[in-house]
Amino acid sequence: MTVETESSHTDDSNQEAEPAPLLDDEANKQLPVKKKTSCCMGLKVFLAALSFSYFCKTLSGTIMKSSITQIERRFDLTSSTVGLVDGSFEMGNLLVIAFVSYFGAKLHRPKVIAVGCFIMALGCILTAMPHFFMGYYKYETASRTASSVNLTSDVNPCLLHQDANKTLLEVSQSGCEKETSSYMWIYILLGNMLRGIGETPITPLGISYLDDFAKEENAPVYIASLHTIAMFGPMFGFLLGSLCAKLYVDVGFVDLESITITPQDSRWVGAWWLGFIIAGTTSLLAAIPFCFLPKSLEKPEETNNDKISSDLLEGTGTMRKTHTSVKPKPKKWSVILKDFYTSLKKVLSNRMYLTLLCSSLLQFSSFIGFLTYKPKYLEQQYGQSTSKSNFIIGLTSLPPVGIGIFLGGLIMKKYKMGIVGAAKFAFSMSILAFLFTLLHFFVGCENHVVAGLTVSYDGKPIQHHENALFSDCNSDCKCATNVWDPVCGDNGVTYVSPCLAGCTASVGHGKNMVRLFHNCSCLEARGPQWGNNSVTLGQCPKSDACSRNFIYYTVIQVISGFCYALGGTPAYMLMFRCVQPELKSLAVGLHTLIMRMLAGIPAPVYFGALIDRTCLKWGSRSCGQRGACRIYDSTAYRYAYLGLSAVLRAPSYLLGILFLILVKKHYQAKKSRSTENGGREDAPMNKEDNFKSNEPLAGSLEAEKESCI
């Protein structure tokens with residue numbers, strides 16, 4: 001202890017004697033140059049490593065979003081259940097986010113991030129494991145049923161259902177007790193939760209590390225660059241998800257010539273597991289650079305200790321006194337927990353932070369629910385395949401968002417926005433994007449024309465579809481109602497199965513693919529103008545008008561996404577600037593905690609539950625239990641999906657207006673206090689506080705006034 005004290009006194013005496021001899025002065029001039037160079041290089045390496053880790057975490061998250069429909073079909077889950085699986089990521093965050101944000105800042109932050117990347121990689125690998133322990137995917141189809149009962153002649157769907165149903169029912173019931181694959185989705189839930197635990201330290205510790213050691217005017221650009229690079233993760237993730245969705249789930253293990261469904265079919269399941277293996281490998285690589293980075297870097301300027309975060313401090317006594325010459329003694333856990341409680345109380349008593357938190361909660365709830373089921377919306381509303389839906393999202397929606405985020409950071413730096421200007425800019429861009437989003441209600445498509453579900457067999461619209469699957473044209477067939485094997489008639493109507501279409505003949509037999517059914521009595525009932533009254537496997541495509549509406553939807557999505565992202569960086573920086581400097585890490589962590597707990601977890605569940613209510617036809621498992629939904633009411637789906645998103649998002653702008661009022665009121669109080677204490681010489685703390693409270697986020701107050709008001 002005495003040695004440390006003496007050395008510290010020696011260091012102090014050396015620092016006080018800096019301006020002495022000429023040789024010492026020249027040596028002292030050279031040392032800071034080396035420190036600044038090492039700091040600059042270290043910060044750039046950290047920024048590059050953090051950007052890659054952001055890329056990896058957004059990649060793995062996007063792989064999950066793009067695979068939601070595949071997982072739902074593979075494990076025969078409802079939308080609400082698969083929403084719970086998706087929300088398990090937030091559960092993992094919830095377990096450790098508060099402690100990682102607060103205690104992680106006191107530890108070796110780069111190494112904590114490295115451990116998180118390792119855990120994230122492990123979670124991705126665990127998520128993909130159920131594929132290798134399950135049997136091959138079996139879907140509902142008449143051709144498989146025909147081969148399973150050893151029919152050697154042409155398949156007659158009516159006779160098939162009459163003669164083979166009892167045998168197939170006995171076989172399926174005998175295998176129900178041995179069926180364990182229905183519970184394998186729990187491993188996906190656990191893997192996703194583990195991935196959430198691993199991702200936890202990346203954002204709060206990485207952003208606070210950057211903000212601590214970067215120059216004040218460069219912080220917005222660094223953060224904007226970070227989020228821009230991170231946007232390549234979702235873009236690459238959706239493109240990778242598109243590629244995986246094109247590949248059959250058991251590719252390499254089954255004969256693809258025996259597969260009678262296509263990627264456009266609602267029973268198709270792609271190679272969802274492949275994306276998680278790739279994401280796990282990249283996360284493992286992202287952990288390596290953080291193992292070699294230092295715990296802290298030399299700050300570019302001494303004034304960097306007190307950044308503009310002190311703009312909004314309520315009083316002069318909240319400024320922190322720093323004494324770098326004395327090493328702090330290790331604190332007891334009781335003291336640390338007491339400090340944590342005090343810091344948490346300070347953050348939650350900040351009215352501006354609390355208002356911003358509530359507004360962000362509503363925005364994030366709308367965003368997470370919208371993004372989770374967006375691929376399914378494109379499939380059901382516009383008749384796109386899962387592969388094409390992921391491709392469209394990755395190619396058209398995400399690049400404008402990345403460009404908007406980066407331009408938002410540049411605009412913030414160029415015009416040197418203060419907190420008032422940043423709040424106004426973020427609010428105006430967000431509400432403009434919201435207005436564009438409302439146009440989605442007017443570019444939807446009509447329902448699929450499905451006999452017995454949306455229209456009667458005579459072509460008339462029906463309201464109650466539960467008991468309308470049977471008609472006089474198929475009454476002799478005694479068809480199963482729980483089978484979904486759609487066929488498209490020459491009349492443009494989709495039938496639930498060849499049996500319900502009243503078909504009595506087909507092309508192909510045995511194990512060969514059955515593609516065409518003939519002599520369908522339900523087509524004959526519509527009139528003789530439909531030729532040979534035949535149907536082909538698969539649903540009928542959407543109309544040309546629907547294809548045009550899909551183009552309009554894409555254009556609206558690009559514009560609204562760009563506008564929203566343009567104000568993203570200023571909105572994100574507001575969170576740092578309305579709390580004290582020492583509470584930045586806790587404020588970010590608490591913000592993330594609330595978003596995960598109250599938005600990330602429940603939003604996919606209640607969005608999915610509402611979507612389930614619009615289902616027209618449920619699939620069935622081998623044991624006769626209800627499986628995944630095969631077709632939805634497109635109109636009801638559109639109003640439920642877009643309406644819930646709008647209802648959540650609209651009140652957030654009322655809170656945004658309240659936040660602007662609080663910020664302006666606070667600045668007016670600061671200006672009046674500056675006028676009162678400006679001429680006093682006996683109030684140095686007031687002078688210092690007034691100077692900082694009038695200093696903008698990235699420049700002078702005058703520039704803030706000129707560019708934002």
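Counting begins at 1 with the first residue of the sequence. Keep in mind that this is a model prediction, so the values were computed, not measured.
Looking at K65 and T372, their side chains do bring a donor and an acceptor atom within 3.5 Å of each other. Donor-acceptor pairing under 3.5 Å is recorded for the side chains of Q363 and Y564.
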| task | Check the pair T203, Y54 against side-chain contact (heavy atoms from CB on, under 4.5 Å), reporting the backbone distance first and the verdict last. | result | CA-CA 8 Å; T203 297; Y54 258 67; 3.2 Å; yes
| Between Q557 and H440, is a side-chain contact (heavy atoms from CB on, under 4.5 Å) present by the stated rule, with each step listed? | CA-CA 8 Å; Q557 189 64 36; H440 287 156; 2.9 Å; yes
| field | Worked verdict on K57 versus M120 for side-chain contact (heavy atoms from CB on, under 4.5 Å) | value | CA-CA 8 Å; K57 79 183 185 72; M120 190 166 60; 3.7 Å; yes
| request: Step by step, work out the side-chain contact (heavy atoms from CB on, under 4.5 Å) result for H591 and Y353. | output: CA-CA 9 Å; H591 180 274; Y353 177 81; 3.7 Å; yes
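Judged purely by atom type and a 3.5 angstrom limit, S652 uses its side chain to pair as donor or acceptor with the backbone of R649. No donor-acceptor pair under 3.5 Å is formed between the side chain of S359 and the backbone N or O of T355. A donor-acceptor pair is defined here as one N or O able to donate and one able to accept, closer than 3.5 Å; such a pair exists between the side chain of S53 and the backbone of L50. Side chain of S560 to main chain of A433: no donor-acceptor pair is present (N/O by atom type, distance under 3.5 Å, no hydrogens or angles). S88 places a side-chain N or O within donor-acceptor distance of the main-chain N or O of V85, the cut-off being under 3.5 Å.
Counting heavy atoms of neighbouring residues, nucleotides and ligands inside a 6.0 Å radius, atom CZ of F441 exceeds 12 of them. In the displayed structure, F367 atom CZ is contacted under 6.0 Å by at most 12 heavy atoms of other residues, nucleotides or ligands. For F236, the CZ atom counts as loosely surrounded, since its 6.0 Å shell holds 12 or fewer non-hydrogen atoms of other residues, nucleotides or ligands.
Between R195 and M64, the closest side-chain pair of non-hydrogen atoms falls below 4.5 Å. Side chains of F436 and L439 form a contact here, defined as non-hydrogen atoms less than 4.5 Å apart. Using a 4.5 Å heavy-atom cutoff, the side chains of L378 and Y553 are in contact. Between K376 and I68, the closest side-chain pair of non-hydrogen atoms is not below 4.5 Å. The shortest distance between side-chain heavy atoms of L226 and I207 falls below 4.5 Å. Contact annotation: the side chain of L644 approaches that of Y606 to within less than 4.5 Å [non-hydrogen atoms, C-beta and beyond]. In this structure the side chain of I392 never reaches within 4.5 angstrom of the side chain of F238, judged on heavy atoms.
Of all heavy-atom pairs spanning L574 and F659, the tightest one is CD1-CE2, 3.8 Å. Shortest non-hydrogen contact noted between L648 and P651 is O-CD, 3.5 Å. The two residues S79 and G608 have their closest heavy-atom pair at CB-O, 3.5 Å. Heavy-atom minimum distance, M235 versus G394: CG-O, 3.0 Å. In terms of heavy atoms, I601 sits closest to G87 at CG1-O, 3.6 Å. The two residues I393 and P375 make their nearest non-hydrogen contact at CD1-CG, 3.9 Å.
Between Y641 and Y373, the distance from one ring center to the other does not fall under 6.0 angstrom. The six-membered or imidazole ring of F232 lies away from that of F55, with a centre-to-centre distance of 6.0 Å or more.
Between L205 and the choices L210, I113, T200, the side chain to side chain contact (heavy atoms under 4.5 Å, CB included) rule is met once, by I113.
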